[in-house]
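A note on names: the letters A, B, ... follow the listed sequences, proteins ahead of strands, and every chain is numbered from 1. Both backbone and side-chain heavy atoms feed into the values below; hydrogens, waters and symmetry mates do not.
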Amino acid sequence: MPDPYRIWLSEVMLQQTTVATVKDYFARFTARWPDVAALAAAEDADVMAEWAGLGYYARARNLLKCARTVVAEHGSTFPANHDALLKLPGIGPYTAAAISSIAFDLPHAVLDGNVERVMARVYDIHTFLPAAKPELMARAAALTPQDRPGDYAQAVMDLGATICTPKSPACGICPWRDPCLARAEETAAVLPKKTPKKPKPIRHGTVYLAQREDGAWLLETRPDKGLLGGMLGWPGSDWIDTTEPRPEGRPPLAADWQPLPGEVRHTFTHFHLMLTVQHARVGHNVSPEAGEFIGQNQFSPSDLPTVMRKAFDLTR
DNA sequence: AACACGTGGTA
DNA sequence: TTACCAAGTGT
């Protein structure tokens with residue numbers, strides 16, 4: 001049986017994230033925390049730092065909650081039960097089905113973006129997402145075999161990822177080209193139909209990068225909820241829609257702040273961000289109003305979420 | 001139901 | 001450069 005811990009970890013990392021991006025993170029996590037008990041015993045800050053750059057940081061917070069629940073309530077073993085898995089933090093319908101089928105050989109149907117696309121095309125379903133989900137799930141469930149459901153799940157997702165791709169699918173080499181209704185109707189290119197997305201507003205803000213004479217940087221751990229929750233970041237203003245005046249917020253300490261040349265541009269899921277970066281070198285006796293100094297040797301820019309790392313990069 | 005929530009690759 | 005897209009979940 002595949003190790004449920006590794007299946008769980010990989011499936012959570014793969015939520016909305018490509019295999020290529022996940023690969024190195026998965027290797028580092030499993031080397032550092034080889035089983036669920038080790039992960040449950042980890043420091044929050046260490047896990048968040050190791051997750052930095054992967055995005056969707058609620059996944060990392062829920063990863064720890066889930067590991068600790070498995071240790072406390074399930075004897076450090078993932079339950080071989082779809083409904084019990086679904087109750088765990090960070091495990092939704094997709095991940096519960098993936099762990100059930102791949103780790104435990106239970107015949108539950110996975111419905112991710114790939115399978116949605118494959119089902120919509122094979123059955124020529126023109127209902128818009130997400131309204132089409134129940135219909136797509138019914139088709140996916142009907143196709144899921146009792147025998148080797150995990151292999152089937154990975155196969156159908158691979159089909160979506162490599163052949164039945166969003167743009168210019170390779171219908172000519174598809175194993176399902178004969179039964180596929182969209183291929184017969186020549187509708188594959190427009191399926192699945194999705195409701196158009198709203199335009200992203202542009203927000204502006206300022207961050208303050210203070211370096212003490214001993215090399216320590218002034219950083220803060222962001223609140224557990226909301227954007228970049230639980231992650232390390234630079235103190236700064238709120239990020240708001242207005243351009244005039246540029247939001248400056250309140251510097252975390254009094255210093256000779258100098259704007260760094262250039263600016264940070266970064267796009268989140270639902271807005272574009274333009275950041276002004278202020279920089280100052282400060283003495284050893286300052287006491288900041290926000291955040292705390294972290295020694296040069298206890299901090300790596302790779303511990304930061306990408307937008308914060310971009311701000312750091314302006315100092316290089 | 002609709003929205004918040006990251007990032008990097010691709011066309 | 002911009003817009004879309006990827007092995008979703010929580011509220």
Nearest-angstrom distance from the residue atom [atom1] of [X] to [atom2] of [N]:
X: A:D224; N: C:dG10; atom1: CG; atom2: C1'; answer: 14 Å
X: A:L64; N: C:dT9; atom1: CG; atom2: P; answer: 18 Å
X: A:L86; N: C:dG8; atom1: CG; atom2: C1'; answer: 12 Å
X: A:K194; N: B:dA2; atom1: NZ; atom2: C1'; answer: 16 Å
X: A:L14; N: C:dT9; atom1: CG; atom2: P; answer: 12 Å
X: A:K200; N: C:dT2; atom1: NZ; atom2: P; answer: 13 Å
X: A:I202; N: C:dT1; atom1: CD1; atom2: C1'; answer: 13 Å
X: A:L85; N: C:dG8; atom1: CG; atom2: P; answer: 18 Å

Using atom [atom1] in both nucleotides, what's the gap between [N] and [M] to the nearest angstrom?
N: B:dC5; M: C:dT2; atom1: P; result: 23 Å
N: B:dA1; M: C:dA6; atom1: C1'; result: 23 Å
N: B:dG8; M: C:dT9; atom1: P; result: 22 Å

* Will you find, in the side chains of A:T127 and A:E135, an N or O donor that is under 3.5 Å from an N or O acceptor? -> yes

* Does any donor atom in the side chain of A:H266 or A:K310 lie under 3.5 Å from an acceptor atom in the other side chain? -> yes

* Under the 6.0 Å and 45° cation-pi test, does A:R68 pair with A:W33? -> no

* Are A:R28 and A:Y25 in a cation-pi setup, meaning NZ or CZ lies under 6.0 angstrom from the ring centre and within 45 degrees of the ring axis? -> yes

* Lys/Arg-Asp/Glu bridge criterion (N-O < 4.0 Å) met for A:R281, A:D256 -> no

* Asked: Reckon A:N62 touches a base, only the sugar-phosphate, or nothing at all at heavy-atom distances under 4.0 Å?
  -> sugar-phosphate

* Within the structure shown, what part of the strands sits under 4.0 Å from A:K133 by heavy-atom distance: base, sugar-phosphate, or nothing? -> nothing

* Asked: Using 30° and 60° as the class limits, which term best fits the ring planes of A:W234 and A:W217: parallel, tilted or perpendicular?
  -> perpendicular

* Nucleotide-resolved protein contact map, nucleotides 4-11 of chain B, B/S/- at heavy-atom distance under 4.0 Å -> SBBBS---

* Asked: Only one of A:L9, A:T21, A:V22 forms a side-chain contact (heavy atoms from CB on, under 4.5 Å) with A:L14, so which one is it?
  -> A:V22

* Asked: What residues in residues 88-103 of chain A put a non-hydrogen atom under 4.0 Å from any atom of DNA chain B?
  ->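 Here the set is empty: none.
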
* **Any A:R117 side-chain nitrogen or oxygen under 4.0 Å from OP1 or OP2 of C:dA6** =>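 Checking A:R117 against C:dA6: at least one side-chain N or O falls below 4.0 Å of OP1 or OP2.
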
* Asked: Which is it for A:R203 and A:I240 under the side-chain contact (heavy atoms from CB on, under 4.5 Å) test, yes or no, and what are the steps along the way?
  -> CA-CA 5 Å; A:R203 296 184 184 169; A:I240 56 182; 5.9 Å; no

What pairs of donor and acceptor atoms, side-chain ones from residues 182-193 of chain A against any protein atom, are under 3.5 angstrom apart with sequence neighbours left out?
{"from": "A:T187", "atom 1": "OG1", "to": "A:D124", "atom 2": "OD1", "distance (Å)": "2.6"}
{"from": "A:K193", "atom 1": "NZ", "to": "A:H126", "atom 2": "ND1", "distance (Å)": "3.1"}

